[in-house]
Amino acid sequence: MSDAPVLELRNVTKTYTVKQGMFGEPKPLTAINDVSLKLGRGEVLGLVGESGCGKSTLAKVLLGLEAPSSGEVLVDGERLDGQDRRKLARRIQPIFQDPYSSLNPRKSIADIVSLPLRVHKVGDAASRDRAVREILDIVGLPARVMNTYPSQMSGGQRQRVAIARALIMKPEIVICDEPTSALDVSVQSQILNLLGDLRQEFGLTYLFISHNLAVVEHLATRVAVMYLGRIVEEASVGELFDTPRHPYSVALLSSVLTPEPGRGVPDTQLGAVFPNPIDPPSGCHFHPRCARAMPHCAQVAPRPLPTPEGHVECHLYDDSRGRAVA
Amino acid sequence: MSAAMPRATATAAAPRDPLLEEITGPTPGQMLRRRIFGHQGFLIGTITLLVLLAIALVAPLIAPHDPYAQDLMSRMERPVFMGGDWDHVLGTDHLGRDYLSRLIYGARVSLLIGGVAALISGLIGTAMGVAAGYFGGRVDMVVTFLINVRLAMPVTLVALAVVAVLGGSLEVVIGVLGLLLWDRFAVVMRASTLQVRGREYVAAARAIGCSTPRILLTEILPNILNALIVVVTLEMAHAILLEAALSFLGLGVQPPTPSWGLMVSEGKNMMLFEPWLVLIPGAVLFVLVLAINLMGDGLRDVTAPENRS
Amino acid sequence: DKSDDTLRVAFTKELESVDSYYNSAREGVVLQRAIWDGLIYRDPVTNEYVGNLATSWEWIDDTTLELKLREGVSFHNGEPFNADDVVYTVNFVADEANGAVTQNNVNWMESAEKIDDYTVRIHTKAPYPAAIEYLSGPVSMYPNEYYAEVGPTGMGTAPIGTGPYKVVSVDPGKHFVLEANTEYHDGPKGQPEIGRIDIRTIPEVNTQLAELFNGTLDLIWQVPSDQAERIEQMGDFVVSNESTMRVGYLAMDAAGRSGADNPFTDLKVRQAVNHALDRETLVDALLKGKSTPIHTACFPSQFGCAQDVTEYEYDPEKAKALLAEAGYPDGFKTEFYAYRDREFAEAIASYLNAVGIETDFKMLQYSALRDLNMKGEVPISFQTWGSFSVNDASAMVSQFFKHGELDDARDDEVLADLDIADSSTDPAVRKEHYALALQRIADQAYWAPMFSYNTNYVFTDEVSYAPTADEVLRFHEMSWK
Amino acid sequence: MLRFILRRLGLAVLVALTVSFISFSLLFLSGDPAIAIAGEGANENDIAAIRKLYGFDRPMLLQYWDWLSSALRFDFGESYYFRLPVADLIADRLSVTMILGVCGISFALLLAVPLGVLAAIRPNSIIDRVALFLSVAGQAMPSFWFGLILIVVFSINLRWLPASGAESWRHFILPTIVLGYYAMPAIMRLTRAGMLEVLSADYVRTARAKGAPEGLVLFKHALRNAIIPVVSLAAVQMGFMLGGSIVVESIFALHGAGYLAWESIGRNDLPTVQALILVFSLFYIVFTFLADVLNAWLDPRMRSS
Amino acid sequence: MTDKPLLSVRGLTIDIPVASGTLHAVRGIDFELMKGETLCIVGESGSGKSLTSLALMGLLGGRISRRASRADFDGTDLIAASNRQMRRLRGARMAMIFQEPMTSLNPAYTIGDQLIEALLLHKKVGRAAARDRAVALLEKVGITSAASRLGQYPHQLSGGLRQRVMIAMALMCEPDLLIADEPTTALDVTIQAQILRLLVDLQREMNMAMILITHDLGVVARIADKVAVMYAGELVETGPAADIFNAPTHPYTRGLINCIPVPGKTARGAKLGTIPGIVPSLVGEVTGCPFRTRCSEAVPACRGEIPVRTRHAGRQRILCVHEDGQRAASEVPA
Ligand SMILES: Nc1ncnc2c1ncn2[C@@H]1O[C@H](COP(=O)(O)OP(=O)(O)OP(=O)(O)O)[C@@H](O)[C@H]1O
Ligand SMILES: Nc1ncnc2c1ncn2[C@@H]1O[C@H](COP(=O)(O)OP(=O)(O)OP(=O)(O)O)[C@@H](O)[C@H]1O
Ligand SMILES: [Mg+2]
Ligand SMILES: [Mg+2]
Ligand code: NI
């Protein structure tokens, strides 16, 4: 993990303009707010956070589907926007959340999986056919599905097709945006196992976005916790799960309901008010819900503080408050 | 009930487990076929339309008379079922021309106008709608504004005015209708494109590196096609009815071209005395438009079952 | 109905203005005859001129007509009728700047001059023998004070005249209610008998018929021949047919204004067109009634409308032969324009098609067609002309063959004859030269005159009325049975 | 809210301007209006004089500008045909069209909404099929033909209703049916689809789970939501209807604005046609605007933000 | 546990006519529930959980038919009850909350209206009293400044708040039974924990019985007294929560529990257990064990009649041909 990062975000901000209701005026919505992030080769970076905090937006920026409003994205140290989109596409591929909408219903599985080859004009028809069979086999689908259509498949099978499509060009980085959240647990574990196997086999780097902390813990090597467009804590998976620092990370961890009977439902100690991303709270965005909020949290935005294996953004750990970093 | 139950057989071959079937469902094609043949309205509409289309195509072969041959001495002869003779099965019109032959040739006019007008407006509207839906922003603003302008123009009135200025003829009527009826295409295509654009497979295609035209052609278009076809049928019906109305008001296709609207208009004067002159072409028009609408409605059900109850 | 002494009448066309100088419609003439009076009156049956608002008249010289006015006549608003009214009316309408739409009816007058309260002189621009006819027709007398105050627009919405009927209300274009003028002077029109006339505009013939059958209309006119025939068969209504002066003809571009290569520049082609038309059948099967086949460029009853000109009988074979001779053995294709009577036009086009003249039918509004016509872009068209019911050949043939913008023949010989005929005061000279012109027109087949029109009047058997041949409803001649 | 209304109004004005410009330029292509004014039987001099008098020899943009600036003062010029101010003429005719439009839309709503609701309550039932048939037939029925048939049946054969005119309410029955029936299918389908959607919505299930009686569920919880798009459709349809009453008015001899438009086209009465196109589009614009406002009022999601 | 159960269901069967035949969505399930007890029904998507709950409430659409040899709610036969009877039960004695808080509230009315309606439909109280109760309940479900919230429309609230409103609405009449159909699936994890806690607290306080439907075994483990595992329309295993999690017996239950990674227990990056294959179609006749196509313990006998086996003194019931859910070494796999 000491090598140069394959993927790096530098102070990336993405702002949308949204209109609320019919009479609303357009207002800026900062979906990602000055985020810096590094992804080392072979790493699995888990990205967790509440719905609407900007995880998917981050994924889209990385994929080049959305241009950042400011900041830059570097792949292997090169700026992304200067690169040929198609070149980028060979290196970064996505797997989306909804296996039902991520496959074109009008195309056969063979068409869907071979699309990257055709777009990039790789090989001839016969070699493409071979490549498709090969990759289908790798993701655990029988070759006979080649001539079927997405509507004929189950969710898990579709997600396998999506994975096959993402991997057929042998990319380095795969961005998984909640790849299992639409699937039943019995299928989820198949997909997770598959992703784990593929990582081994192809030496892939993952950005793994999920709601499900248990899954993240299982798969990730590093974890970034996002809240309202900011990465509030980043750490190795062991560090985060053993000693979460940010109160939000703490709350997230304590909300994980493991199948252990008799332990009851934990108290997360979070307020019930969900902040409006268009009009985020002042100071530390998290302060209205924070059980350990201090008066100045409402005024001053915290700055990133280094931790042994990452960083945290919280006044609790700010030197100026006299608190030592653990 | 138990007919489908597997019976333990003595044969060595392992009996197939019924639960294993249907792991892969029917193909989209099979499903479509199943739905088509299960949809009465669609079948009736389509078959009627095909029959009318066939009649229009082979009009010269099946028309018993020259639709233009006038015989002022045998004007307004009644159809057979009203006591006329078999020479003119549906009677003759006010200039003694064979009504049946004119109806048969009239099918050509209606279908031609409906088809070409829908084609023209379909091209315009689809291009605008897809562009607006896919690119959004300025393009969308301009297209939406144009749609607004178009909707605010009273179609019948503007069509009448333009036809009055340019003189009625098949080409003018087709052109005017084609240039006026694109609004629904634009609206529907815009909405459909917006919907499809948000699907993840479009994002996936972009992430793969597909070019915009390729995405439009292979990812977007096939998925808005069914909506498009439905609008085509609706607008075809609309164009046919508008042409008939224009002709009825005397500003559509010009005589002696046998247009059904014109026939109603010409028969209208004698409506009190020879109502069949109006009833027959009107009914044929009704049947044609009904068939197209049934087909369109059916198509909507058949191609997009998710929109159904 | 007789029961409420109200005659309900339908007009087909929306009348633009009731002011008779500002409309050119038949309906306008009908109202004009009811609301206003002319100085002179022509008996529609005997065609004799008698005094109306004038009691006597006399040509002082070629261009001056002196009239003695009737005394004791007053307008509907009480304004007395005298020389001032005549002078004002004539001077107003004769002034082109005032924009009377029917200029033909008035532009022969130079001015009027008051001699005394009941004597006026009308000065014509040139010797104008038809003056008496016009004074007994379209030129009606308006109240000077009122007209000066309200102008044509006011007159159109609240007309005031001396006529047998007063206007109760005008809903422009839609609805007109008239009431008998109980103080109507003892003129040649006689006293009105029906108390109230209620006129509505109903554009649809079917609707008119439906209302007639329902009893909500008492009289309709201009009923198409087919319907009139059927109503007659029903037997419940009086159907009366009268001929009109309107003549239907084909105008051809003999002068080559729409292109020198235009086939109609060839005499043989024009003759072929004339031979292609079965006038008898058109009249018998389509027009019916009192229509007649026409061979001259005027209506037979018109003064000077000679009838012994060349006639072209129906002979499609000959037509084809003539076309072949002219170099069109397979016929040719041409635009064919019309502006009214679509079914007649269709039938005519069909006759042309039968001899090989393939027509590209264009039905235009009158104004659009006239626009094209004036620009000389019409190779052949179906036209009609009603001569404003003026019983003089000048009202037709001279309108079209004197090298005006509508003249597609541009024949100098014809022009010369018409000039003489139009300006001469000697009836014999006029007759002779009209005959020469008409003969030349027929020989050259500049037109293909076809038929005269007729009008059907249908009314309930409560109504007693004898329609006249000039296509004018005269309410004052109607009465209840 | 105010901002929204202002923006919406701005858009409306822009649309109206564009429409008026398009119609103006379209009609400018038409035959020489001077001839139309002069009427049948005028000679060349008359026509030339009129051309000058009315300024038809000037460039089109100039003429448009003149027309527009006076139109803003509700002065649409004088009808070439009637020689009356176009504004008066239209004002006079509009009442009939408005009555017809209101009756038509009411008829359509009265027929379509209950049918749509019934059809949605029992999908695939007889009622649903009948409603569907009525709507498909309504879409396919040429309105001129339908009008003629109604006249034959009700005015001629049965003699129940007058065939034409606008004297009493009875005169409006047949035209209302023809015009309303034309607008009915769209409204019915939307009601049906809306009701179907709403009836399967979670909040309707919630209402049922509360133990609400079926009537309350249908009318308080379902219809209220399903009717929102119907209201705006009805407003839009009404806008279309006023512009589309040409055929109906001409068949039933209702001297409304639609009939005036048709006749004016025939008479080349440009000022009237132009003004009518503008008026009809203004109606559409106003009605869609009202529909939006009404929608916003009915739908709390739009009311507040 | 000597009193008679609040709810007792035997042989509940639900059939849905579909284009290609009859969908036997729920096939003869049995369970019962005591006052104040929490039953969790867990199972994969499409296994029939929601249908079961709707069938109890009498809210299945007209086309769907339900049968049961017994469906007794505190003395009322839920299947035979008339519409009126059901209406009086619904909302008053058995209440329900749904999965989607975003769409379960009527967008056209204020939440006050909707809360008050719930009470007025069943209790003869004045509006003012109903209002007071609404405010009190909103406060109870943790909504601050409750009185001012009454005038708000659903769209003005976030998902978590809406679900709280839904809960308050369900509790307006103090029901004996609360059915919650995946009440937290659409919510974020932190909010899920809050809502579940709230539900558990309220249930204790009001001594309600609760049926909680979910597919999240974590949730089940934390709040269930009793668990019913549903697979393809059948309850393949039912029993006390502790037993089910500590000693899962049915192959499906075992497979399910093995599928989820448990922080701290499952080794990071290690292989998770899987259940291969997919849920079978239930259209047409379904015989034998529906899980046999995915079951590693399947034997030919799985196609036949499946016996009900009870364990742990009748507290745990499983549907399996194997006594203990495991194939004996001597048996041949199917
Ligand atoms: N195209 C867009 N236009 C405007 N706003 C957007 C757009 N895409 C996302 N947003 C807003 O940006 C914020 C972040 O959205 P994003 O989809 O990245 O969240 P997320 O963390 O992926 O949420 P989830 O877990 O629900 O997928 C949200 O408030 C969202 O409403
Ligand atoms: N109205 C209906 N018409 C047809 N099939 C239905 C209907 N309702 C439910 N089903 C089918 O019945 C089966 C069980 O549905 P149900 O909603 O009870 O599943 P569930 O266990 O609640 O799933 P989920 O976890 O996705 O909510 C599914 O296969 C579903 O497709
Ligand atoms: Mg997301
Ligand atoms: Mg469910
Ligand atoms: Ni069965």
Side-chain angles (χ1 to χ4, degrees), chain A residues 17 56 59-60 62-66 84-109 111-121 142 144-145 147-154 157-158 161-162 165-166 168-169 171 174-175 177 182, chain B residues 19-35 134-138 140-141 144 192-229 302-308:
Chain A
T17 313
S56 299
K60 282 188 192 147
L62 288 176
L63 286 165
L65 298 179
E66 296 272 9
D84 184 5
R85 262 243 326 261
R86 290 167 42 122
K87 238 198 243 160
L88 184 76
R90 291 179 150 226
R91 316 181 65 163
I92 311 184
Q93 276 298 306
I95 301 169
F96 292 110
Q97 165 177 10
D98 183 359
Y100 291 87
S101 102
S102 65
L103 305 180
N104 188 340
R106 305 271 150 181
K107 288 183 165 180
S108 72
I109 302 303
D111 277 347
I112 292 172
V113 176
S114 66
L115 180 66
L117 297 177
R118 284 180 286 129
V119 169
H120 294 277
K121 304 207 169 62
R144 68 185 157 89
V145 303
N147 295 318
T148 59
Y149 287 84
S151 62
Q152 296 170 264
M153 310 187 96
S154 70
Q157 288 172 319
R158 290 178 198 219
V161 172
R165 172 179 58 190
I168 196 163
M169 293 292 294
V174 178
I175 311 243
D177 190 354
Chain B
L19 287 187
L20 279 174
E21 315 261 318
E22 292 209 46
I23 280 184
T24 53
T27 63
Q30 286 168 337
M31 252 156 28
L32 192 68
R33 232 164 293 140
R34 205 176 288 164
R35 270 186 253 122
Y134 189 77
F135 297 107
R138 286 267 153 81
D140 188 24
M141 239 167 66
T144 312
S192 305
T193 308
L194 263 178
Q195 208 178 45
V196 171
R197 187 185 69 154
R199 299 268 161 82
E200 285 175 351
Y201 56 82
V202 176
R206 287 212 289 150
I208 283 166
C210 290
S211 61
T212 302
R214 184 172 190 141
I215 290 178
L216 285 177
L217 278 178
T218 68
E219 308 290 325
I220 305 264
L221 211 56
N223 286 292
I224 58 174
L225 209 59
N226 42 31
L228 179 63
I229 295 174
V302 164
T303 57
E306 59 271 18
N307 295 348
R308 225 171 144 198

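Below, chains carry the letters A, B, ... as their sequence lines are ordered, and counting in each starts from 1.
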(request) Would you mind reporting whether B:N226 and A:R106 have side-chain heavy atoms less than 4.5 Å apart? (result) yes
(request) Please report the shortest heavy-atom distance between A:V119 and B:C210, naming the atom on each side. (result) CG2-SG, 3.4 Å
(request) Can you tell which part of A:R165 gets under 4.5 Å to a heavy atom of chain B, answering side chain, backbone, both or neither? (result) side chain
(request) Would you mind checking which part of A:K60 comes under 4.5 Å of any heavy atom in chain B, side chain (CB onward), backbone (N, CA, C, O), both or neither? (result) neither
(message) To check you understand the geometry: which heavy-atom pair defines the closest contact between A:F96 and B:A203, and what is its length?
(response) CZ-CB, 3.7 Å
(request) From the options A:R90, A:R118, A:Q93, select the one residue that forms a side chain to side chain contact (heavy atoms under 4.5 Å, CB included) with B:I208. (result) A:Q93
(request) Considering non-hydrogen atoms only, spot the tightest contact between B:G209 and A:A89 and give its length. (result) N-CB, 3.8 Å
(message) Please find the pair of heavy atoms, one from A:P105 and one from B:Y201, that lie closest to each other, and give the distance.
(response) CD-CE2, 3.5 Å
(request) Would you give the length of the straight line joining atom CD of B:E200 to atom CD1 of A:I95, rounded to the nearest 0.5 angstrom? (result) 11.5 Å
(request) First locate atom OG1 of B:T218, then atom CG of A:L115, and finally report the distance between them rounded to the nearest 0.5 Å. (result) 6.5 Å
(message) Which atoms of A:L103 are under 4.5 Å from chain B, going by heavy atoms: the side chain, the backbone, both sets, or neither?
(response) backbone
